[in-house]
Amino acid sequence: MTFEVTILGCGAATPTSKHAPTAQVVNVHDKLFLVDCGEGTQMQLRRNKIKFQKIQHIFISHLHGDHYLGLVGLISSLHLLGKKSDLHIYGPAALNDLIQLNLKVSQTYLEYELHFHPIETDEKMRIYEDRTMEVYTFPLKHRIPCYGYQFVEKEKSPKVRKDVIKEFDLQPSQILALKKGVSVEALGKTITTEFACFPKEVSKSYSFCSDTMYWETLVPFIEKSTMLYHESTFLESEKLRAKQTFHSTAKQAATIAQKAEVEKLVIGHYSSRYNNDEDFLTEAKTVFENVQLANEGLTFKV
């Protein structure tokens, strides 16, 4: 089943011709979730041939412009495109004031229901759930309230082998029981889950952390993630600047990944002061080997 992340923007506060502000689409089992919505996100969605209408949930990390200034435009475009289904937005409470003010002064009356879910927490908490996955939020350490997000697949049921179903003429109720780990009787034999089923697929998780300074309190929130996106605004040569602005260096991002024992790290949110993104990769790999650079248009499989 699909579980992947497409990068729409991975630059820091100032948009450049090289990188757009933060935004990415998380595809979990063909459900699309937008994480952050910096300026120009609509154009990035079009460039990557991602259908606006498939996005029903938007998660905003914090209220610095490079993470939300594209949101009102997207809300308006969805209205103009004839959206009828509900849209859910999650983020700091003040974001709703910004949205409602823009709608009011532009006299925009949406044709769809907009549901706002305010976030204010100092611990990890679940904010969304459906049949196959959950979304959690947790605090980050930034200059203003800022939140990370984690997308987690629910535990998967094992698949029953077709040859076993045919050989023992298993009925739907028996197949369901085997998936739940319950043995069944068929043709005078006891059929166990271990015998009848393929090994259960391992559930995966993706954690998004931007923006944040180096903060080890974060580690248990993202521990054992299959893939982690962690901001790396600066290189170690600007470590003091990173601390002053509540951001991280590439080496610090890699250190968090190492301590959290994640499988794969993706770094981004590069400051426009640097010309060569590869320097971030080189620095991060001194601490954590399985690192990749974010870039607009790249899709990472979780």
Side-chain angles (χ1 to χ4, degrees), residues 1-7 24-33 35 54 56-57 59 124-138 148-209 218-230 253-254 256-267 284-285 287-292 294 298-302:
M1 299 183 78
T2 305
F3 194 173
E4 60 188 25
V5 179
T6 298
I7 306 298
Q24 49 188 246
V25 171
V26 181
N27 181 337
V28 187
H29 308 160
D30 295 321
K31 298 185 182 77
L32 302 188
F33 303 89
V35 183
K54 291 191 70 174
Q56 309 294 340
H57 298 267
F59 302 87
K124 188 174 182 178
M125 61 181 287
R126 187 175 62 194
I127 55 174
Y128 172 82
E129 178 182 20
D130 63 28
R131 186 175 58 86
T132 64
M133 53 90 67
E134 300 170 315
V135 181
Y136 293 83
T137 190
F138 48 86
Y149 296 102
Q150 185 178 62
F151 299 79
V152 182
E153 288 182 318
K154 288 185 175 178
E155 185 175 355
K156 300 176 182 179
S157 298
K159 294 180 180 179
V160 182
R161 290 161 39 201
K162 289 183 179 179
D163 61 313
V164 175
I165 294 174
K166 183 177 180 179
E167 180 181 352
F168 293 94
D169 191 27
L170 297 178
Q171 301 304 302
S173 59
Q174 294 174 305
I175 294 171
L176 182 61
L178 287 167
K179 287 184 174 183
K180 292 181 177 179
V182 179
S183 299
V184 300
E185 297 295 324
L187 302 182
K189 293 187 177 182
T190 299
I191 312 299
T192 66
T193 295
E194 290 75 17
F195 169 75
C197 297
F198 292 106
K200 187 162 52 177
E201 291 183 42
V202 177
S203 297
K204 299 177 181 179
S205 60
Y206 169 62
S207 297
F208 169 87
C209 299
L218 177 62
V219 169
F221 300 151
I222 61 174
E223 197 167 21
K224 307 289 187 182
S225 295
T226 310
M227 188 169 86
L228 166 66
Y229 175 93
H230 193 293
I256 291 294
Q258 180 191 58
K259 290 182 178 294
E261 298 181 38
V262 306
E263 292 184 21
K264 178 166 63 178
L265 170 66
V266 177
I267 53 176
K285 279 180 172 287
V287 175
F288 188 83
E289 180 60 30
N290 193 10
V291 189
Q292 291 180 265
L298 287 183
T299 295
F300 298 93
K301 295 188 181 300
V302 176

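The chain is numbered in sequence order, starting from 1. No hydrogens, no waters, no symmetry mates; every other heavy atom, side chains included, goes into these values. Here the structure is a predicted model, which means the values were calculated and not measured.
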Practice task
In plain terms, say whether Glu263 and Lys204 are close enough for a salt bridge, that is, a side-chain N and a carboxylate O under 4.0 Å apart.
Solution key: no

Problem - Any side-chain heavy-atom pair of Gln56 and Lys31 under 4.5 Å - result: no

Practice task
Looking only at non-hydrogen atoms, find the nearest pair between Glu155 and Ser203 and report the distance.
Solution key: CA-OG, 3.3 Å

Handout entry: Cation-pi, Tyr136 ring and Lys124 (6.0 angstrom, 45 degrees)
Key = yes

Problem - Ring centers of Tyr128, Phe33 separated by less than 6.0 Å - result: yes

Practice task
Kindly say whether Tyr149 contributes a backbone atom to a donor-acceptor pair with the side chain of Thr137 at under 3.5 angstrom?
Solution key: no

Completion exercise
The ring pair (Phe, Tyr, Trp, His ring centres under 6.0 Å) partner of Phe151 among Phe59, Phe3, Phe208 is Phe59

Problem - Whether Glu153 side chain and Thr132 backbone form a donor-acceptor pair below 3.5 Å - result: no

Problem - Minimum-distance pair of heavy atoms, taken over all atoms of His230 and Ala253 - result: ND1-CB, 3.4 Å

Completion exercise
Checking Leu228, Asn290, Val219, Thr226 against Val262 for side-chain contact (heavy atoms from CB on, under 4.5 Å), the one that qualifies is Leu228

Practice task
Measure from the side-chain N and O atoms of Arg161 to the backbone N and O of Phe195, and report whether any donor-acceptor pair falls under 3.5 Å.
Solution key: yes

Exercise for the section: Determine, step by step, whether Thr190 and Glu185 satisfy the side chain to side chain contact (heavy atoms under 4.5 Å, CB included) criterion, reporting the C-alpha distance in whole Å, the side-chain angles of both residues, the deciding distance to 0.1 Å, and the verdict. Expected result: CA-CA 5 Å; Thr190 299; Glu185 297 295 324; 2.6 Å; yes

Problem - Worked verdict on Glu201 versus Lys159 for side chain to side chain contact (heavy atoms under 4.5 Å, CB included) - result: CA-CA 9 Å; Glu201 291 183 42; Lys159 294 180 180 179; 3.8 Å; yes

Practice task
Mind running side chain to side chain contact (heavy atoms under 4.5 Å, CB included) on Ile256 and Phe288 for me, showing each step along the way?
Solution key: CA-CA 9 Å; Ile256 291 294; Phe288 188 83; over 6 Å; no

Handout entry: Close side-chain approach of Phe138 to Gln150, heavy-atom, < 4.5 Å
Key = yes

Exercise for the section: Compare all side-chain heavy atoms of Glu129 with those of Lys154 and state whether any distance is below 4.5 angstrom. Expected result: yes

Fill in the blank from the handout: Heavy-atom nearest pair, Lys54 first then Leu32, reads CB-CD1, 3.7 Å

Problem - Donor + acceptor pair across side chains of Thr6, Gln24 (<3.5 Å) - result: no

Handout entry: Atom NZ of Lys189: over 12 foreign heavy atoms under 6.0 Å
Key = no

Problem - Any side-chain donor near an acceptor of the partner, Thr192 and Ser183, under 3.5 Å - result: no

Handout entry: Donor-acceptor contact below 3.5 Å, side chain Gln171 vs main chain Asp169
Key = yes

Exercise for the section: With rounding to the nearest 0.5 Å, note down the distance linking NZ in Lys162 to CG in Leu170. Expected result: 14.0 Å

Exercise for the section: Looking only at non-hydrogen atoms, find the nearest pair between Ser205 and Lys224 and report the distance. Expected result: OG-O, 4.1 Å

Exercise for the section: Spell out, as yes or no, whether a donor-acceptor pair under 3.5 Å connects the side chain of Thr193 to the backbone of Leu178. Expected result: yes

Problem - Leu298/Gln292 under side chain to side chain contact (heavy atoms under 4.5 Å, CB included): CA gap, chis, key distance, verdict - result: CA-CA 11 Å; Leu298 287 183; Gln292 291 180 265; over 6 Å; no

Fill in the blank from the handout: For Ala186 and Gln174 the tightest heavy-atom approach is CB-NE2, 4.2 Å

Handout entry: Side-chain (Lys264) to main-chain (Lys301) donor-acceptor, under 3.5 angstrom
Key = yes

Problem - Residue pair Val5 / Tyr229, side-chain heavy-atom distance below 4.5 Å - result: no

Handout entry: Side-chain touch Val302/Glu4, heavy atoms, less than 4.5 angstrom
Key = no

Handout entry: Student check: side-chain heavy atoms of Ile267 and Val291 closer than 4.5 Å
Key = yes

Problem - Gap between atom CG of Leu218 and atom CD of Glu223 - 0.5 Å precision - result: 11.0 Å

Exercise for the section: Output yes when Glu289 and Lys285 qualify as a salt bridge under the 4.0 Å nitrogen-oxygen rule, no when they do not. Expected result: yes

Exercise for the section: Quick one: pull up CG in Leu265 and CD in Gln258 and give me the separation to the nearest 0.5 Å. Expected result: 11.0 Å

